[in-house]
Amino acid sequence: MPITTFTVDAMDKQDIEFVRAALPSGRTVFYDFPDRYAVLLLTRYLQQGEAAVSELKKSHLAPLLNRPLVKQVLADTGRATLVASDFRDAWPDRVDGYRLTLDIWPGSSDKPQRAWHQVTRLGHSLVLQLNLPASHKRALARNIDNWQRYTNEAFHPVAPPDELTLAWARIDLDLNRSEALIEEIQSDWIRDVKYYA
């Protein structure tokens, strides 16, 4: 069995800036709605070509066919087969838009400390932040007086002051080996919302 070597140093700031520059700039939004995962998984599977509904019912994808949005697509097509394009317009009336942002951990001016910054390899991590929709932020401003204190979280890679970060993932990319170590996935908001309310 080959021995796997483990690099001691994690990403450096130049690697992170390279990744950030390679990704789309400007506003990046992830749209979500109930059963979107089912639509995405079926669409991906159907990229291989047409599939009979009867065969899908016998496969590991069968539970997805019972989701309300997928049932609607099946009813709308009225065919015994499905293709990927059948799901192109499978969007409900209400869709939430979560803004994605990228950051660096620890901050670009901070010297990484393994224990304090909770990194496996000494260095920086790329942070992917999932930020709440603007409508959610407006509702909080109307209904919860002290929610703004959440945006001042200094010890975690949230995206204040313009965004309200729902969750974030710290990722250590090894560009030479094409590997990603997900250091941590966390939602301060889920943990703290009761306190802020």
Side-chain angles (χ1 to χ4, degrees), residues 2-41 44 95-137 139-141 144 146-197:
I3 297 173
T4 303
T5 58
F6 185 73
T7 309
V8 175
D9 292 327
M11 298 182 78
D12 59 27
K13 291 182 243 185
Q14 290 86 358
D15 289 340
I16 292 172
E17 289 310 316
F18 172 77
V19 171
R20 291 172 80 173
L23 294 172
S25 61
R27 197 165 189 263
T28 304
V29 180
F30 175 79
Y31 294 102
D32 192 37
F33 47 82
D35 300 333
R36 180 152 193 233
Y37 74 96
V39 170
L40 291 172
L41 289 171
R44 182 177 174 139
V95 175
D96 290 319
Y98 295 85
R99 184 155 182 256
L100 302 175
T101 51
L102 294 172
D103 205 349
I104 184 172
W105 178 259
S108 58
S109 62
D110 295 333
K111 181 179 179 190
Q113 300 174 38
R114 183 174 283 131
W116 176 252
H117 294 116
Q118 299 176 337
V119 292
T120 304
R121 300 188 304 166
L122 192 57
H124 289 82
S125 297
L126 178 68
V127 179
L128 174 63
Q129 298 155 327
L130 178 69
N131 301 294
L132 287 164
S135 59
H136 191 86
K137 193 173 175 181
L140 286 170
I144 300 174
N146 63 351
W147 76 271
Q148 290 91 343
R149 280 189 278 166
Y150 170 75
T151 64
N152 293 326
E153 176 64 66
F155 301 113
H156 289 147
V158 296
D162 299 326
E163 300 292 344
L164 180 57
T165 304
L166 172 62
W168 45 267
R170 284 193 302 105
I171 306 164
D172 179 359
L173 290 177
D174 187 330
L175 298 175
N176 295 323
R177 295 174 58 176
S178 299
E179 294 178 352
L181 170 63
I182 299 175
E183 291 271 17
E184 181 176 29
I185 298 175
Q186 185 166 323
S187 175
D188 295 314
W189 183 246
I190 298 298
R191 180 195 65 206
D192 296 339
V193 69
K194 187 174 181 181
Y195 167 77
Y196 288 106

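Everything quoted here is computed from the prediction, not taken from an experiment.
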Residues that [X] engages under side chain to side chain contact (heavy atoms under 4.5 Å, CB included), provided they are two or more places apart:
X: S178; answer: none
X: L132; answer: Y98, H136, L164, L166, W189
X: V29; answer: R27, Y31
X: L102; answer: R20, L23, L126, L128

Partners passing side chain to side chain donor-acceptor pair (under 3.5 Å) against [X] (at least two apart in sequence or in another chain):
X: D103; result: none
X: R99; result: E163
X: R44; result: none

Which residues share a ring pair (Phe, Tyr, Trp, His ring centres under 6.0 Å) with F33, sequence neighbours left out: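 Counting only residues at least two positions away or on another chain, F33 forms a ring pair (Phe, Tyr, Trp, His ring centres under 6.0 Å) with W91.
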Is a side-chain donor or acceptor of D174 paired with a backbone partner of R177 at a separation under 3.5 angstrom?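 Yes.
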Should we say atom CZ of F30 is surrounded by more than 12 heavy atoms from elsewhere, each under 6.0 Å from it?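 Enclosed.
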Side chains of [X] and [Y] in contact at under 4.5 Å (non-hydrogen atoms):
X: V19; Y: L173; answer: yes
X: E183; Y: W105; answer: no
X: S125; Y: I171; answer: no

What are the two closest heavy atoms between Q129 and V127, and how far apart are they?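 Scanning both residues, the minimum pair turns out to be CG-CG1, 3.8 Å.
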Minimum heavy-atom separation for I185 to I182, with atom names?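 Smallest heavy-atom distance, with atoms named: CG1-CG2, 3.7 Å.
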Could you list the residues that satisfy salt bridge (charged side-chain N to carboxylate O under 4.0 Å, His left out) with D32, not counting sequence neighbours?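 With neighbours one apart ignored, the set is empty.
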Distance from T101 atom OG1 to N131 atom CG, nearest 0.5 Å?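 Atom-to-atom, T101:OG1 and N131:CG are 4.0 Å apart.
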To the closest 0.5 Å, what do you measure between CG (D96) and OG (S135)?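 These two atoms lie 6.0 Å from each other.
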